[in-house]
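Working notes, structure below.
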Amino acid sequence: MNIDEISNVLIVGAGAMGQQIGFQCAMSGYNVTLYDVETKYLDNAMKRIVHLSDAFVKHGRLSSEAAQAAVGRIRCTSDPADAAKNADFISESVPEDPELKARVFAQFNELCPSHTIFTTNTSTLMPSMFAEATGRPDRFAAFHFHDIQVTQVVDIMPHPGTSPETVATIQAFAERIGQIAILLQKENIGYVFNAMLTELLRAAQALASNAVASVEDVDRAWMGIMHTPSGPFGIMDSIGLDTVWKVTDYWAQKRKDPLALNNAAFMKRYVAAGRLGIKTGQGFYRYPKPAFMESGFLEGRIAPEVSAEINLKAS
Ligand SMILES: NC(=O)c1ccc[n+]([C@@H]2O[C@H](COP(=O)([O-])OP(=O)(O)OC[C@H]3O[C@@H](n4cnc5c(N)ncnc54)[C@H](O)[C@@H]3O)[C@@H](O)[C@H]2O)c1
């Protein structure tokens, strides 16, 4: 499949990531179909895409005409056959469950033209886990996005059966939609950036859960030396502590790793208390004005009433 033959992109799963990827493709001139299991999810997705396009206009990244045109290139359907019929390229963003992903790809393999390239936006799984289920392993790879509002970096991760032509087409497609592609030479859990980030978060969790240093001091150390606007715990709040906990717990259980199990138990206390991070207004910090954004945080001059009470004790 040649890059010039791609005009219709199908997004399978119109949640947080499907919306962003769909909008990114539409901004770059592709016809985008958003598919989800129920109309209510699609209605919500279109609302959020309009918000996203407004934000791009507000920040001068897109003219209002271009934003309107991009939104106009997106159509929605909850009928899988209708979604699949003209698809040249699929980007899948259904929940992070290998069995679900396998089922969804098998379903679309029956419905899509034979030339359609299949990609998965999985965060933590490997494409080889469901490559056979796609029915077209040679035309399948992971193509992983981060938040399009903050970065253009994407990962391309083939599995051993992905054809070199497919890799080349995905690389060309990434370029056409304005992304900086990192091509992995082999499968790796967490790709490149997330592999590094996971180790940072794991070390930060261990420092706090073993009471070596407070959450705030861990962040102060990182921010003070690396000159970043947030530290590992601020980053976890923005990812969502439920997501961080799920990923930590999944691998901890799978590997029976005592350090990771301890970290998962530490994270679970926040999740059980409904403190999921920015999205619920409180995680390790309180939002919208977290302590780490206050002046004086680095110097340790934040009054206790400004700083969230951080260390949720084990029950
Ligand atoms: N959220 C992130 O920051 C992020 C970043 C990179 C990658 N990812 C990955 O992207 C994928 C999606 O994550 P998300 O955060 O967008 O999840 P989400 O829960 O926001 O969205 C998932 C969507 O898939 C839909 N869905 C469920 N079953 C379906 C099916 N059978 N067919 C079609 N649609 C179905 C749901 O209705 C929902 O709208 C996951 O694999 C995740 O690991 C997430």
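Note that this is a predicted model, so its numbers are computed, not measured. Atoms within each ligand, like the ligands themselves, are counted from 1 in listed order.
Ring geometry, F130 versus F140: the interplanar angle falls from 30° to 60°, so the pair is classed tilted.
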Distances only, to 0.1 Å: what are the N or O pairs between ligand 1 and the protein that fall under 3.5 Å?
unit_1   : atom_1 : unit_2 : atom_2 : d
ligand 1 : 8 (N)  : S123   : OG     : 3.1
ligand 1 : 10 (O) : N121   : ND2    : 3.2
ligand 1 : 16 (O) : A16    : N      : 3.3
ligand 1 : 16 (O) : M17    : N      : 2.8
ligand 1 : 20 (O) : A16    : N      : 3.0
ligand 1 : 37 (O) : D36    : OD1    : 2.8
ligand 1 : 37 (O) : D36    : OD2    : 3.4
ligand 1 : 39 (O) : D36    : OD2    : 2.6
ligand 1 : 41 (O) : V94    : O      : 3.3
ligand 1 : 41 (O) : E96    : OE1    : 2.5
ligand 1 : 41 (O) : K101   : NZ     : 2.8
ligand 1 : 43 (O) : E96    : OE1    : 2.9
ligand 1 : 43 (O) : S123   : N      : 3.4
ligand 1 : 43 (O) : S123   : OG     : 2.6

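Residues F145 and F105 fall into different hydrophobic clusters, defined by Ile, Leu, Val, Met, Phe, Trp and Tyr side chains chained together at heavy-atom separations under 4.5 Å.
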Legend entry - Test side-chain hydrogen bond (donor to acceptor under 3.5 Å, both in side chains) applied to N263 and R202, step by step: CA-CA 7 Å; N263 285 348; R202 180 180 150 95; over 6 Å; no
Could you go through residues 148-156 and list every donor-acceptor pair under 3.5 Å that involves a side-chain atom there, pairing it with any protein atom two or more places apart or in another chain?
unit_1 : atom_1 : unit_2 : atom_2 : d
T151   : OG1    : V153   : N      : 3.0
Q152   : NE2    : G178   : O      : 3.2
D155   : OD2    : H144   : ND1    : 2.9

Under 3.5 Å, which donor-acceptor pairs do the side chains of residues 44-58 form with other protein atoms, sequence neighbours left out?
unit_1 : atom_1 : unit_2 : atom_2 : d
R48    : NE     : Q19    : OE1    : 3.4
H51    : ND1    : K47    : O      : 3.4
S53    : OG     : V50    : O      : 3.0

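Residues satisfying the side-chain contact (heavy atoms from CB on, under 4.5 Å) test with S91, not counting sequence neighbours, are I11, I21, T119.
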